[in-house]
K.L.:
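First the structure, which I've put down as structure tokens, then a few questions once you've had a look.
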Amino acid sequence: MTPLLQVRNIEKRYGARIGCADVSFDLYPGEVLGIVGESGSGKSTLLNCLAGHLAPDQGEVIFDTRADGPRDVRQMPEAERRMLSRTDWAFVHQNPRDGLRMRVSAGGNVGERLMAVGARHYGDIRQTAGDWLTKVEIDTARMDDRPSAFSGGMQQRLQIARNLVTGPRLVFMDEPTGGLDVSVQARLLDLLRGLVRRMGLSAIIVTHDLAVVRLLADRLMVMKSGHVVETGLTDQVLDDPQHAYTQLLVSSVLQV
Amino acid sequence: MSYNFAYLDEQTKRMIRRAILKGVAIPGYQVPFASREMPMPYGWGTGGVQVSAACLTPDDVFKVIDQGADDTTNAVSIRRFFEKTAGVAVTEKTAEATVIQTRHRIPETPLCADQILVYQVPIPEPLRFLEPRETETRKMHGLEEYGLMHVKLYEDIARHGEIATAYAYPVKVEDRYVMDPSPIPKFDNPKLESPALQLFGAGREQRIYALPPFTKVASLDFEDYPFDPSKAAHPCALCGAEDSYLDEVIVDDAGGRMFVCSDTDYCASRRDTGEAA
């Protein structure tokens, strides 16, 4: 099987400081990869390099495109890369305000991606948007409300609907549950797990919350100071951590 | 005190003509140009005046309209400006003019091939209110990413039940560039496909763009909500015209109102020839 995403020796430096370095991995279709580590360990830098928001200083990001098979995303023309990022890719921001248009109604937010790939039938767009709002448990009566009238959890669910509406194959998530209280977090995780499994999505999830990766991720990468210090199956890494930093991370989780 | 012909110096006019030629070569594309300070405030048509100055020749007959009218302050002062600085003949008759500078209207009388219509444009970027970053909007034009424009129309229908955008209605030019036709009523949009050369000048924003004669201009819409060039459902109270764009005029403080042609020349000529009902 061809990996959906092959990452080779990605490095990003901020001047003399290292953002992330020497990161390589393969992501297969339907697989969920978790990236954990403390603040400043280069998780978000790595994710932004992969998603094309930052230009890495070196390395390759090879994506298995529908039309032409595996291609290096960095070598693509910008038009193709942007097309990719609104069809086959999705990016869920930590803060829903970064990923939503706050002055556009919920329906318009979900419909934007459809219109960006050429949908021009209002009734169809609205129908699809309504279906997706239902899927993420937002009442369709709130369809014409602006996201600013939504709670934090609803905004995050709306952002997920907006991203998944074009049926992407790869989802990047940057702390999708950050800033939400625990009961809302639990529901969001439940929803995400259902959607990811049902749609057979591949996902890369950056988080510092070990419970999130325990629930969602098949495989885990632990980062420290810009380097990957340990990789493996999620249960294996969490239950039998080998690297000193991973041991510290696992033992730091509070037990209620 | 004497001026160079049409106020601007020859080098400036050359610079503006180059921008116009580039705009004509790429219909709908906003060409940056080094807009000059003009002896009038921004928002009064500094872009249109510079384009007119670059187009005028001593043999031209010049007409200026503001919201369709020849006799409003803005139209009168710009017309007088070129009478003084270029010494060109001026007229109020659409058919007699060779260069027409307009603000917010296209004349009702169909234009012909030897005429130039110059628009005054306040904000040339149709995506501005959706995407505030200029770097991003330029990229969107370059990569033909116009989905966002439809989000605006979607929002209109979701909120008002129809596309409520009534002026500055976005159009797609030759299936390529999305363009702001300046704040003309959407009633005028079908007239953008014209035998005349149409030039758009935005002075403060320093952009010129153009529609060469017979360019394909399509107003954006949805399949199930097609474009509708609507107008007030009345005949003109003065000349009885049913096919012209109307202004609503309040005539007393008891709620009395009348609808009259916004194109004063069209209305007056109909009344002169006795076509009024």
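Below, chain A is the first sequence line, B the second, and so on; all start at residue 1.
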K.L.:
Give the member of A:A79, A:G111, A:G118 that has the highest number of heavy-atom pairs under 4.5 Å with chain B.
P.N.:
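Ranked by heavy-atom pairs under 4.5 Å with chain B, first place is A:A79.
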K.L.:
Does the side-chain hydrogen bond (donor to acceptor under 3.5 Å, both in side chains) test come out yes or no for B:T165 and B:D156, once each step is laid out?
P.N.:
CA-CA 7 Å; B:T165 303; B:D156 264 7; 2.7 Å; yes
K.L.:
Under a 4.5 Å heavy-atom cutoff, which of A:E112, A:R120, A:R113, A:M115 has the most pairs with chain B?
P.N.:
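Highest number of heavy-atom pairs under 4.5 Å: A:R120.
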K.L.:
Just to verify, which of B:R204, B:Q50, B:Q206, B:E205 counts as forming a side-chain hydrogen bond (donor to acceptor under 3.5 Å, both in side chains) with B:S35?
P.N.:
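The option that passes is B:Q50.
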K.L.:
B:K152 versus chain A, heavy atoms under 4.5 Å apart: side chain, backbone, both or neither?
P.N.:
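Neither part.
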K.L.:
Taking side chain to side chain contact (heavy atoms under 4.5 Å, CB included) as the criterion, tell me which of A:I62, A:V61, A:D64 meets it with A:Q6.
P.N.:
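With A:Q6 as partner, side chain to side chain contact (heavy atoms under 4.5 Å, CB included) holds for just one option, A:I62.
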K.L.:
Could you look at A:L114 and say if it's the side chain, the backbone, both or neither that has a heavy atom under 4.5 Å from chain B?
P.N.:
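Contact with chain B involves no heavy atom of A:L114 at all.
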K.L.:
Given heavy-atom pairs under 4.5 angstrom as the criterion, report whether the side chain, backbone, both or neither of B:L148 touches chain A.
P.N.:
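For B:L148, the side chain is the part near chain A, not the backbone.
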K.L.:
Go through the atoms of A:R101 and report whether side chain, backbone, both or neither lie under 4.5 Å from a heavy atom of chain B.
P.N.:
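Only the side chain of A:R101 comes within 4.5 Å of chain B.
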K.L.:
Is B:Y154 close to chain A through its backbone or its side chain, or both, or neither, when contacts mean heavy atoms under 4.5 Å?
P.N.:
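It is both, since atoms from each part get that close.
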K.L.:
Can we say A:R71 and A:E80 salt-bridge, meaning some charged N sits less than 4.0 Å from an Asp/Glu carboxylate O?
P.N.:
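Salt bridge flag = yes for A:E80 with A:R71.
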K.L.:
More than 12 heavy atoms of other residues, nucleotides or ligands under 6.0 Å from CH2 of A:W89: is that the case?
P.N.:
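Count over threshold, so yes.
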K.L.:
Does a salt bridge link A:D57 with A:R13, judged by any charged N lying under 4.0 Å from a carboxylate O?
P.N.:
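Judged by the 4.0 Å cut-off on N to carboxylate O distance, A:D57 and A:R13 do not form a salt bridge.
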